[in-house]
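Computation of the quantities below employed the complete heavy-atom set of this structure, encompassing side-chain atoms and omitting hydrogens, waters and symmetry-equivalent molecules. Predicted, not measured: the structure shown is a model, and the values here were computed from it.
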Amino acid sequence: MDIQSLKTILLVKDLGSIAAAARALDLDASKVSRVVAGVERELGLRLFQRSTRKLAATDEGDQYLRRIAPLVEELEAAGAEVASKGGLLQGTIRLTASVAFVQEGILPVLPKFQQMYPDLTVELYPADHNLDLLAEGLDLAVRLAAAPKGDLISTKLLTTHYRVVAAPEYLEQVAPVGHPSDLTALNCLCFAFPGFKKSWLFRQNGSDPFPVEVSGKTVIASAPSLREAARLGMGAALLPDWLIRNDLKSGRLVDLFPEFECAAFDFETAAWILYPSRSYLPRKVRVMIEFLKETLGLP
């Protein structure tokens, strides 16, 4: 049996269904089912117990799949090593991140990556909800969180700092703002996500954090749109530094409280690179991780 068939049955086990594996491989479910049946026929044993609702490995199947998983990874690693020595780095990298991070972080540096690795294809899947890497056949994810959870391997890309910002035109129309408590008198642009709507946190020089209740007439479920609303002078917004860095430099937006740390619900937030828990990491994925850390990584 060929290595692709073995990879297919391992994916069926990981995802728990033939249909999910077929979606990840962009194949008809009938073809994946024939692959499973062919391997079972050649082995002379049943790998999976099937029902109309679920699929699970048999005891013999589970033992077999656990034994072959590291062997399949080693075969892939050997092939990648030979290819890399020949100067080849080909294939497709599938990456997901939030819509804002794709637009502001990844797309601006993607041309440089493609110049460095012209034979690699990059597929981007912007999404403001967490996609299942295995089920969707994705290689990498960049996620913004205090700390990643789950079975994925993670490495920190950059530390995220939030700032409260507003357009100079808006600040000319309101009373002077000098302390976070002054936000109660402002129209605050709120992000449609739990923890961002009702209060923002502040601390100064390591002091105990204190919340400030915020309210406003506009709630938006998109960080880039929230930034645009702030640019248009619609109110004050709490936004990550990587999204507003250029606006602060140009003066299009003003940092209202530069002496304070700001957060929605946790000061220790970061952008994390996540990838499936595998002992072998393909070189194409490794070079993308290294590139993102070199070009976007900040202390």
Exercise for the section: Going by the side chain to side chain contact (heavy atoms under 4.5 Å, CB included) test, name the single residue among Ile244, Leu253, Leu238, Leu239 that passes it with Arg163. Expected result: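 When side chain to side chain contact (heavy atoms under 4.5 Å, CB included) is applied between Arg163 and each of Ile244, Leu253, Leu238, Leu239, only Ile244 qualifies.
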Euclidean distance, [Y] [atom2] relative to [X] [atom1], rounded to 0.5 Å:
X      : Y      : atom1 : atom2 : value
Phe260 : Asp255 : CZ    : CG    : 11.5 Å
Glu123 : Arg94  : CD    : CZ    : 4.5 Å
Leu274 : Thr96  : CG    : OG1   : 11.0 Å
Glu104 : Leu296 : CD    : CG    : 11.5 Å
Thr8   : Asp2   : OG1   : CG    : 8.0 Å
Ile18  : Asp28  : CD1   : CG    : 13.0 Å

Under 4.5 Å between any side-chain heavy atoms of [X] and [Y], yes or no?
X      : Y      : value
Leu75  : Leu6   : no
Val212 : Trp200 : no
Leu183 : Phe202 : yes
Val39  : Leu43  : yes

Handout entry: Apart from Phe267 itself, residues in the same hydrophobic cluster as defined by side-chain heavy atoms under 4.5 Å
Key =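 Leu201, listed by chain and number.
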Exercise for the section: Can you sort out the partners of Glu169 under salt bridge (charged side-chain N to carboxylate O under 4.0 Å, His left out), two or more places apart, ordered by chain and number? Expected result: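 Testing Glu169 for salt bridge (charged side-chain N to carboxylate O under 4.0 Å, His left out), a comparison that skips the adjacent residues, returns none.
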Practice task
Sequence neighbours left out, what passes salt bridge (charged side-chain N to carboxylate O under 4.0 Å, His left out) with Arg231? Give chain and number order.
Solution key: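 With sequence neighbours excluded, Arg231 shows a salt bridge (charged side-chain N to carboxylate O under 4.0 Å, His left out) to Glu228, Asp247, given in chain and number order.
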For [X], all residues meeting side-chain hydrogen bond (donor to acceptor under 3.5 Å, both in side chains), sequence neighbours excluded:
X      : answer
Thr184 : none
Thr121 : none
Thr295 : none

Exercise for the section: Just grab all the ring-ring contact (aromatic ring centres under 6.0 Å, His included) pairs involving residues 118-151, residues at least two apart or on different chains. Expected result: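 Residue pairs passing ring-ring contact (aromatic ring centres under 6.0 Å, His included), neighbours aside: none found.
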Exercise for the section: Begin with the C-alpha distance, continue with both residues' side-chain angles, and end with the deciding distance and a verdict on side-chain hydrogen bond (donor to acceptor under 3.5 Å, both in side chains) for Thr155 and Lys293. Expected result: CA-CA 9 Å; Thr155 180; Lys293 295 181 75 171; 3.2 Å; yes
Problem - More than 12 heavy atoms from other groups under 6.0 Å of CD on Glu259 - result: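 Atom CD in Glu259 is not crowded, with 12 or fewer foreign heavy atoms closer than 6.0 Å.
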Look at the side chain of [X] and the backbone N and O of [Y], then say whether any donor-acceptor pair between them is shorter than 3.5 Å.
X      : Y      : answer
Glu40  : Leu45  : no
Lys284 : Gly91  : no
Trp272 : Leu144 : no

Of all residues at least two apart in sequence or in a different chain, which pass the side chain to side chain contact (heavy atoms under 4.5 Å, CB included) check with [X]?
X      : value
Ala223 : Ala100, Leu243
Glu268 : Arg203, Asp266
Val285 : Asp139, Leu140, Leu281, Pro282, Ile289
Glu136 : Leu131, Leu138

Exercise for the section: Check whether the side chains of Lys198 and Ser215 place a donor and an acceptor atom closer than 3.5 Å, and report yes or no. Expected result: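 Their side chains do not contain a donor-acceptor pair, so the 3.5 Å distance test is not met.
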Practice task
Any salt bridge (charged side-chain N to carboxylate O under 4.0 Å, His left out) involving residues 56-65? Give me the pairs, sequence neighbours left out, ordered by first then second residue.
Solution key: Lys13-Asp62, Asp62-Arg66
